[in-house]
Amino acid sequence: EGTFMKIDPVTYEVDVSAGTHPLYVWEAPVRIWHWAMAVCMAVMIVTGFSSELLWWQTSRHLGDDDFAYIRLAHFAAGMIFTVIFIWRLYWGIVGNKYSRMILVPPLWSLKWWKMLFEQVKYYLFLRKTSPEYAGHNPLAQCAMFFMFTLGSIVIIITGLALYAQAWGADALDAWFEWVFVLFGDSQAVRTTHHAFMYIFILFSIAHIYMSFREDVMGGATTISSMTSGLRMFKHGGEEH
């Protein structure tokens, strides 16, 4: 990161007045996971929405085989999503410090919370500029943790439980019996799984908006950094 690159150890805020240079933030495994996860989420949302909410509208036009393919695509995307999420947890342990940002946010830091609310003001156009960050800004980090990371755990656990129940395998069903006990019954598990689909949709919309907004209005690259791994700072060492 160079001797002149000043980065806050908690918030990862970059002091651009002290000078900047291209920073390698997102390692290849994180970038591959990001795009694979995005594809899986899109497939899961579309197929889940189709099979659950549009059944009564489309059943006149689609046969049982068509819905079987939709369910197969949903299950396949869910399984892949589960595997790469586990891989992402592993890489959060062995990867660089930025790979841990969505797994362990510094919730204990008052400075982090202060910068989070400052970032909220920036997105609400209540302040003209925002600090630059080496990784995720505090608001993005918070959303990634609570909506995506914790949401993924709920989606995966409830999804596997419902899959095990539908599969009817005694051994597989026994592994996830505790999920139905925890939530109360299978309908509660299904409702929770369905509700978190909407959380994923809201998260995706917010994530895309923030990423494009930062690329256009912010002082550092965002979208391209998840392709090259490099965070580029547009303002160099100038104040902005």
Side-chain angles (χ1 to χ4, degrees), residues 12 24-52 69-105 134-137 140-167 169 171-172 175-176 178-179 189-190 192-212 221-231:
Y12 294 106
Y24 186 62
V25 176
W26 309 121
E27 299 167 298
V30 173
R31 302 197 306 273
I32 294 172
W33 161 82
H34 175 273
W35 296 113
M37 175 272 301
V39 172
C40 287
M41 279 183 61
V43 173
M44 289 192 300
I45 290 171
V46 171
T47 56
F49 194 79
S50 298
S51 61
E52 294 289 339
Y69 285 124
I70 291 176
R71 287 170 61 83
L72 176 61
H74 188 78
F75 292 151
M79 294 299 181
I80 296 173
F81 183 87
T82 300
V83 171
I84 63 176
F85 182 75
I86 294 173
W87 163 255
R88 183 65 180 84
L89 295 178
Y90 165 75
W91 197 260
I93 298 174
V94 303
N96 65 14
K97 60 185 180 182
Y98 303 108
S99 68
R100 288 184 280 278
M101 292 192 73
I102 68 171
L103 306 179
V104 190
H136 298 297
N137 66 61
Q141 187 181 11
C142 184
M144 289 286 288
F145 177 72
F146 285 104
M147 297 182 73
F148 175 76
T149 303
L150 297 185
S152 294
I153 294 173
V154 175
I155 281 283
I156 288 171
I157 290 175
T158 55
L160 289 176
L162 292 170
Y163 179 80
Q165 186 183 58
W167 187 263
L172 187 62
W175 291 351
F176 296 97
W178 63 272
V179 179
V189 174
R190 184 176 298 277
T192 301
H193 188 76
H194 190 76
F196 271 80
M197 176 187 72
Y198 289 100
I199 292 178
F200 270 17
I201 292 174
L202 292 175
F203 167 78
S204 300
I205 294 172
H207 182 67
I208 292 171
Y209 162 71
M210 290 180 181
S211 297
F212 276 96
T221 57
T222 302
I223 299 173
S224 62
S225 68
M226 196 50 75
T227 302
S228 66
L230 291 174
R231 175 63 48 84

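All heavy atoms count here, side chains included; hydrogens, waters and symmetry mates do not. Count residues from 1 along the sequence.
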Which heavy atom of [X] sits nearest a heavy atom of [Y], and at what distance?
X: Y24; Y: S228; answer: CE1-O, 4.1 Å
X: S99; Y: V30; answer: CB-CG2, 4.0 Å
X: R100; Y: I93; answer: NH1-O, 3.5 Å
X: W33; Y: I102; answer: CH2-CD1, 3.9 Å
X: A77; Y: V43; answer: CB-CG1, 3.6 Å
X: W26; Y: Y98; answer: CZ3-O, 3.5 Å

Residues T149, F85; criterion side-chain contact (heavy atoms from CB on, under 4.5 Å); working and verdict: CA-CA 9 Å; T149 303; F85 182 75; 4.2 Å; yes
Exam field: side chain [X] to backbone [Y], donor-acceptor pair closer than 3.5 Å:
X: Q141; Y: M101; answer: yes
X: T47; Y: R71; answer: no
X: R31; Y: S225; answer: no

Should the ring pair [X] and [Y] be called parallel, tilted or perpendicular, given that the plane angle runs from 0 to 90° and is split at 30 and 60?
X: H34; Y: H207; answer: tilted
X: W87; Y: Y90; answer: tilted
X: F200; Y: F81; answer: tilted

Measuring from atom [atom1] of [X] to atom [atom2] of [Y], what distance do you get when rounded to the nearest 0.5 angstrom?
X: I205; Y: M210; atom1: CD1; atom2: CE; result: 12.0 Å
X: L103; Y: M144; atom1: CG; atom2: CE; result: 9.0 Å
X: I157; Y: L162; atom1: CD1; atom2: CG; result: 12.0 Å
X: I155; Y: H194; atom1: CD1; atom2: NE2; result: 10.0 Å
X: M37; Y: I80; atom1: CE; atom2: CD1; result: 14.0 Å
X: I45; Y: H74; atom1: CD1; atom2: NE2; result: 10.0 Å

Y209 OH: over 12 foreign heavy atoms closer than 6.0 Å: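 It does: Y209 OH has more than 12 such atoms within range.
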